[in-house]
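Written below as structure tokens is the structure these notes are about.
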Amino acid sequence: MGTRSRPLSPHLMIYRFEWTMLLSITHRITGVGLAVGGVLLFWWLMALAIGPAYFSIVQAILAHWIGRLMLLGWTWAMFYHLCNGIRHLCWDAGWGFEINTARNTGLLVLVSSILLTLISWMAVYAMRGA
Amino acid sequence: MSLRSPLARARGLGAAHNGTHHWWIQRLNSVALAPLMLWLAYSLMSLATADHATASAWLRGPINAILMLALVATLYHHMQLGLQVVIEDYVHSHARKFVAQILVKYGTALLAIGAAFAVLKVAFS
């Protein structure tokens, strides 16, 4: 059994590339990235519970440029996953399945995730001056 | 022509008896998580340069503590549900899949319990 060639369902490579495909896998990639962000939130809350000395070390690591770059990535991943998650909820409600609507909402998700990231980071720098 | 009984058709469940449970729980969860994450993003941004005293004073506020507990419960549950599907899709060895799913379940539960403990410790300090 198993060696006979049976008909296979078409693989992903068969289909013509649509950039909505890229948005779809990005939802999953950002999800896995945000899971790592969930560990960071745990660490940050634990540091707060442990005490001032340890908390200031964690805050200093996050304030380093590498820490900031990673936080920037997490901010975008969060906004992307949130916006695209709302797009998914609309699909679940039966709305937005037409090809053009799906393309347009995909573009909307991409643009709004970038804008929300930029706006929130500019707001932090403007308010804190850090 | 369907060979399924009318009741089986109406329930829409197969041999596993819980066809849409995972899907529905994840939807309920995401609807709650969306506003909570916006609140978290706003809060963490306003605490970006905070010292320990400022951050703990913030978490000691009852609304913040309760929202953080709600977020912790929802977030780590969502994380488990999402990682579960990723493992189901990409890990094909039965043994590895089994171990990975259990590690994700226990791991996310520990993260949730640890984070909740930290929130309560700060809130009641």
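Throughout, a chain's letter reflects where its sequence line sits, starting with A, and its residues are numbered from 1. Values below: all heavy atoms of this structure, side chains included; hydrogens, waters and symmetry mates excluded.
Proximity to chain B is absent for every atom of A/Ser56, based on heavy atoms less than 4.5 angstrom apart. For A/Met78, the part lying under 4.5 angstrom from a heavy atom of chain B is the side chain only. For A/Leu82, the part lying near chain B is the side chain, with the backbone staying farther off; criterion is any non-hydrogen pair under 4.5 Å. Contact of B/Val86 with chain A is made through backbone and side chain together, with heavy-atom distances under 4.5 Å. Heavy atoms of B/Thr108 lying under 4.5 Å from chain A are absent altogether. Residue contact with chain B, scored on non-hydrogen atoms closer than 4.5 Å, involves the backbone and the side chain of A/Leu41 alike. In this structure, chain A has heavy atoms under 4.5 Å from both the backbone and the side chain of B/Leu111. Residue contact with chain A, scored on non-hydrogen atoms closer than 4.5 Å, is absent for B/Ile113. When heavy atoms are compared at a cutoff of 4.5 Å, B/Met37 approaches chain A by way of both its backbone and its side chain. Heavy atoms of B/Tyr90 lying under 4.5 Å from chain A belong exclusively to its side chain. Of the atoms belonging to B/Leu40, it is side-chain heavy atoms, and not backbone ones, that fall under 4.5 Å from chain A. Proximity to chain A is limited to the side chain of B/Leu44, based on heavy atoms less than 4.5 angstrom apart. If you measure heavy-atom distances from A/Ala63 to chain B, you find no contacts under 4.5 Å at all. Residue contact with chain A, scored on non-hydrogen atoms closer than 4.5 Å, involves the side chain of B/Phe117 exclusively. Within the 4.5 angstrom heavy-atom criterion, no atom of A/Tyr54 approaches chain B. Interface residue A/Trp44: only side-chain heavy atoms are found under 4.5 Å from chain B.
Residues A/Trp19 and A/Met21 are members of one and the same hydrophobic cluster, defined by side-chain heavy-atom contacts under 4.5 angstrom among Ile, Leu, Val, Met, Phe, Trp and Tyr. Linking Ile, Leu, Val, Met, Phe, Trp and Tyr residues whenever their side-chain heavy atoms come within less than 4.5 Å leaves B/Ile63 and B/Tyr42 in two separate clusters.
Among the candidates B/Ser125, B/Ser30, B/Gly114, B/Gly82, the residue making the largest number of heavy-atom pairs closer than 4.5 Å to chain A is B/Gly114. For chain B, the option among A/Gly85, A/Gly51, A/Ala123 with the highest count of heavy-atom pairs below 4.5 Å is A/Gly51.
Here CZ of B/Arg96 is found 13.0 Å from CG of B/Leu103. Values are rounded to the nearest 0.5 Å.
Using modelled atom types, one side-chain atom of A/Ser113 and one backbone atom of A/Val109 make a donor-acceptor pair closer than 3.5 Å. No side-chain donor-acceptor contact under 3.5 Å links A/Trp76 to the backbone of A/Leu118. Not a single donor-acceptor pair under 3.5 Å links the side chain of A/Asn84 to the backbone N or O of A/Tyr80. Listed for the A/Gln59 side chain is no donor-acceptor partner under 3.5 Å among the backbone atoms of B/Thr49.
Ring orientation note: the planes of B/His78 and A/His81 are nearly perpendicular, at an angle over 60° on the 30°/60° scale.
Side chains of B/Asp51 and B/Thr54: a donor-acceptor N/O pair is present below 3.5 angstrom, by distance only.
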side-chain contact (heavy atoms from CB on, under 4.5 Å) assessment of B/His52 paired with A/Leu48: CA-CA 7 Å; B/His52 185 264; A/Leu48 197 58; 3.8 Å; yes

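Heavy atoms only, all atoms of each residue included: B/Leu59 and B/Asn64 are closest at CD1-O, 4.3 Å.
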